[in-house]
> 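Quick one: structure below, then a few questions.
Keep in mind that what you see is a predicted model, and the values were worked out from it rather than measured. Naming convention: chains lettered A, B, ... in sequence-line order (proteins, then strands); numbering from 1 in each chain.
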Amino acid sequence: MDEPAAQLQQTVLYELHQSLGARIVPFAGYQMPLNYSPGIIKEHRHTRTSASLFDVSHMGQIRIYGPGAIETLESLMPIDLSTMKPGQQRYNFLTNNNGGIVDDLMISRLADHWQLIVNAANKMKDLELITTACGPRTTVDYQHDAALIALQGPAASTILSRHSTETASLPFMHQGPFTIGGIPCLISRSGYTGEDGFEISVSNSHAITLAESLLAHPEVEAAGLGCRDSLRLEAGLCLHGNDINEQTTPLEANLLWAISPDRRADGKRAGNFPGDVRILEEMRNPPAQCRVGLRPDGKIPVRPPAALFSEAGVESGLVTSGSFGPSVEGPIAMGYVNRALSAPGTPHHTTVRGQPITLTVVELPFVAHNYHRRR
Amino acid sequence: MSETRFTDDHEWARLEGDLIVVGITNYAQEQLGDIVFIELPGVGSTVEQGQEAAVIESVKAAGDVKSPVTGSIAEVNEALVDHPETVNQDPGGEGWFYKVAPADPAEMDDLLDEAAYASMLAGLE
């Protein structure tokens with residue numbers, strides 16, 4: 001046991017996980033399900049072919065109210081909130097003064113406030129950062145009483161529409177209030193698996209009823225954090241703490257797409273966020289390293305932090321995520337490499353237990369995204 | 001079939017003729033989760049009691065198999081190379097790892113019998 005169980009928190013669905021036979025592990029200060037009895041690979045494949053229910057209530061849900069909300073949030077993130085319409089959701093990040101990524105997050109505009117979904121391990125740090133930046137006309141509310149349930153997979157929309165037909169027409173990266181079996185929910189069409197799906201914010205008092213009613217559909221199985229990690233890696237999505245952190249910049253991480261055009265070097269409101277000097281400079285002169293997908297040859301998973309070497313034997317990069325991809329049916333990895341050696345097809349080398357392994361740079365994602373995009 | 005013995009590191013060993021068959025226990029495969037890669041020792045190589053003899057990679061992590069006995073590898077379960085999941089499905093049977101010609105068959109007496117292993121597992125709950 002890495003951490004004494006007494007110091008770990010539980011989500012409101014903890015007893016449900018236990019009753020479903022979950023293997024519980026410590027994660028980001030919580031006792032969370034790693035997997036249930038089918039195991040990571042079956043749960044992963046079920047998510048890609050049907051639908052899975054994930055408890056992600058350990059993540060932080062933060063609301064920001066008031067006329068100063070846009071100004072506060074735009075002072076912390078490279079995003080243009082003024083053009084976002086109610087119901088829209090974006091992926092973005094909090095940056096530090098060196099241009100590093102403090103946390104990555106989802107931000108939504110609701111009728112009278114903004115909602116942030118942030119990583120569990122960073123939520124208290126994020127909350128403090130946002131609260132400190134708030135002026136007198138802004139209120140920050142950490143939602144202690146809300147659970148977050150993800151329903152992910154190609155069958156997710158069919159299942160949810162049995163409860164609320166309107167959810168089927170919610171476009172990818174949009175969020176809105178819906179009622180599921182009489183329970184008020186805030187639902188976004190997004191997730192962390194590469195599949196179509198929803199993330200459902202619900203009060204703790206209704207979370208168990210909601211989870212049980214979704215699990216009652218024959219297509220739905222419970223899935224744990226183990227397959228959530230293999231699904232997001234196949235989808236090429238970053239895990240904060242592994243693939244991005246306070247030392248890596250958005251340009252190094254190939255996340256320029258998430259920076260609003262207006263806040264970029266050539267934008268109308270360029271900069272004015274933490275680390276803007278470095279981040280804008282990297283838009284003009286790309287940084288020395290960048291994040292890429294890597295496909296190890298053979299069958300041995302290459303796990304972080306494996307150092308990579310070029311054909312010439314010079315250190316060329318570092319693996320930041322690496323595992324077995326159940327849908328790819330082989331080892332997959334993500335990492336940072338020297339930009340000159342980042343083109344797809346470029347080989348890098350490492351050793352695992354003394355055995356030489358070649359990793360080839362590949363385009364991300366490993367498995368094509370299956371999002372519900374508006375036509 | 002002779003009596004199966006166990007290590008406190010969750011390997012099993014069973015005498016079959018002159019050879020000792022080695023695998024991992026059901027508890028070990030449950031702890032590892034889905035196994036995706038197995039590295040077996042070479043036939044003819046030497047393994048030592050309590051020392052790493054094989055490597056197991058699951059989706060989540062890498063683990064090792066410590067040999068329950070010292071000896072020379074006589075045979076390995078090649079089927080595990082293409083089907084490592086066999087260890088999850090049948091750890092005590094088809095999921096065996098290797099057969100060793102023991103240097104000292106009396107080393108089996110160092111290992112736990114089924115009742116002692118069961119009570120050790122009960123203590124882990």
> If you look at every heavy atom in B:V59 and A:F324, which pair is closest and at what distance?
CG1-O, 4.3 Å
> With a 4.5 Å cut-off on heavy-atom pairs, point out which of A:P301, A:G298, A:G39 contacts chain B the most.
A:P301
> For B:D109, does the CG atom sit with more than 12 other heavy atoms under 6.0 Å from it, leaving out its own atoms?
yes
> Using non-hydrogen atoms only, which part of B:A62 is less than 4.5 Å away from chain A: side chain, backbone, both, or neither?
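It is both, since atoms from each part get that close.
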> Kindly provide each donor-acceptor pair between chain B and chain A shorter than 3.5 Å, listing atom names and distance.
residue : atom : partner : partner atom : Å
B:Q31   : O    : A:R23   : NH1          : 2.6
B:Q31   : O    : A:R23   : NH2          : 3.2
B:Q31   : OE1  : A:R23   : NH2          : 3.2
B:D34   : OD2  : A:I40   : N            : 3.0
B:D34   : OD2  : A:I41   : N            : 2.6
B:E39   : OE1  : A:R353  : NE           : 3.4
B:E39   : OE1  : A:R353  : NH2          : 3.2
B:E39   : OE1  : A:Q355  : NE2          : 2.9
B:E39   : OE2  : A:Q355  : NE2          : 3.3
B:E57   : OE1  : A:R303  : NE           : 2.9
B:E57   : OE1  : A:R303  : NH2          : 2.7
B:E57   : OE2  : A:R353  : NH1          : 2.9
B:E57   : OE2  : A:R353  : NH2          : 3.3
B:S58   : O    : A:R303  : NH2          : 2.6
B:V59   : O    : A:R303  : NH1          : 3.1
B:V59   : O    : A:S323  : OG           : 2.9
B:A61   : O    : A:R303  : NH2          : 3.4
B:V81   : O    : A:K299  : NZ           : 3.2
B:D82   : OD1  : A:K299  : NZ           : 2.9

